[in-house]
Amino acid sequence: MAADAPETTNGPQAAQLAPAEAFSEAERAAIYRVIHSRRDVRDEFLPDDVPRDVLLRILDAAHHAPSVGFMQPWNFIIVRDIEKRRAAHDAFLRACEAEEQALEPERRSLYRSLKLQGILKAPLNICVTCDRARFGATGLGRSQQPDTACAVQNLWLAARAEGVGVGWVSIVQAADLRHIFNIPNEIAIIAYLCVGYVAKAYTSPELEVKRWASRLPLENLIFEDSWGQLAASTNPP
Ligand SMILES: Cc1cc2nc3c(=O)[nH]c(=O)nc-3n(C[C@H](O)[C@H](O)[C@H](O)COP(=O)(O)O)c2cc1C
């Protein structure tokens, strides 16, 4: 071992360790602000282009998500082409119709009134995929779909910090997206995102504002040591 290596090491790689103390109060406030003010955006998109450097920062945040065995199974298809976006929008309309029919009749008119995507309004769409066999069959690769969802979350938070809104469209058949974007069968489609600058965003989930659903009380979700055993005291901020 090199003479100047720190004493607490277990090898030369320990030189790669850096202090990991808590962030400053201002930094922590910024992190919590981005988490709490991130919204699913559907209708507030501005037509302004998202410059390449901003887009790359956002995608780089996604690329720094955790992944099992460091598989990094994601790809990002950046979609600006209006014909492709029209095709994705048509696919959304078909899926939406089917979803509406599957609802209880009394919820259908509220469902119909909801705006559930910004495919054409957002200047940019991103299709996020997952390659389950990126490094072959390693035995570590069983959870790449959650991995890719982690990447989407990073992307979403970084976008919020950049003033860029993101809306996740899941009301669309994967087979349609596969066809539109030439995605091979072995590649899983995880997310179809609408992306663009926004001037305003809801302060709480739009689906809550529009009385579709509301946030569950955190204290009902925290158990201690055993399923169903509610924690004695929880003080959400
Ligand atoms: C996996 C996933 C799929 C989603 N699909 C849709 C969708 O198809 N249409 C839509 O309007 N919102 C969609 N959303 C957004 C949620 O409705 C939204 O996250 C939730 O209402 C909470 O609001 P918030 O993200 O603004 O906090 C999706 C979110 C996730 C995580």
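Computed over heavy atoms, backbone and side chain alike; hydrogens, waters and symmetry mates excluded. Counting starts at 1 for both ligands and their atoms, following the listed order. Just so we're clear, the structure is a prediction, and the values are computed from it rather than from any experiment.
One option in Trp168, Tyr202, Tyr192 has a heavy atom closer to atom 29 (C) of ligand 1 than any other, and that option is Trp168.
In terms of polar-atom proximity, Arg39 is counted as a contact of ligand 1, with an N or O under 3.5 Å from an N or O of the ligand. On a distance-only criterion, Arg38 and ligand 1 share at least one N/O pair closer than 3.5 Å. At least one N or O atom of Leu116 sits closer than 3.5 Å to an N or O atom of ligand 1. In terms of N/O distances under 3.5 Å, ligand 1 is approached by Ser170.
Less than 4.0 angstrom separates atom 3 (C) of ligand 1 from at least one non-hydrogen atom of the protein.
In summary, Asp81 and Lys84 do not engage in a salt bridge, as defined by a charged side-chain N under 4.0 Å from a carboxylate O. In summary, Arg94 and Glu97 do not engage in a salt bridge, as defined by a charged side-chain N under 4.0 Å from a carboxylate O. The pair Arg112-Glu100 meets the salt-bridge criterion, with a side-chain N (NZ, NE, NH1 or NH2) lying under 4.0 Å from an Asp/Glu carboxylate O.
Per-residue contacts place Pro205 under 4.0 angstrom from the following atoms of ligand 1 (heavy atoms of the residue considered): 22 (C), 23 (O), 26 (O), 27 (O). Those atoms of ligand 1 that come under 4.0 Å of a heavy atom in Ile171, given as number and element, are 8 (O). Each of the following atoms of ligand 1 lies closer than 4.0 Å to a heavy atom of Val169: 7 (C), 8 (O).
Taking the six-membered ring where the residue is Trp, Tyr32 and His36 present parallel rings, their angle staying beneath 30° rather than reaching 60°. Between Trp212 and Tyr111, the ring planes are tilted. Angles from 30° to 60° get that label.
Side chain of Asp40 to backbone of Trp168: a donor-acceptor contact under 3.5 angstrom is found. Checking side-chain atoms of Arg85 against main-chain N and O of Arg80 turns up a donor-acceptor pair under 3.5 Å.
Nearest protein neighbour of atom 19 (O) of ligand 1, counting heavy atoms only, is Asp40 CB, 4.0 Å.
At a heavy-atom distance under 4.0 Å, only side-chain atoms of Leu207, from C-beta outward, approach ligand 1.
Residue contact check for ligand 1: Arg42 places a non-hydrogen atom closer than 4.0 Å to it.
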So Val128 and Thr148, side chain to side chain contact (heavy atoms under 4.5 Å, CB included) or not? Walk me through it. CA-CA 8 Å; Val128 187; Thr148 307; 3.5 Å; yes

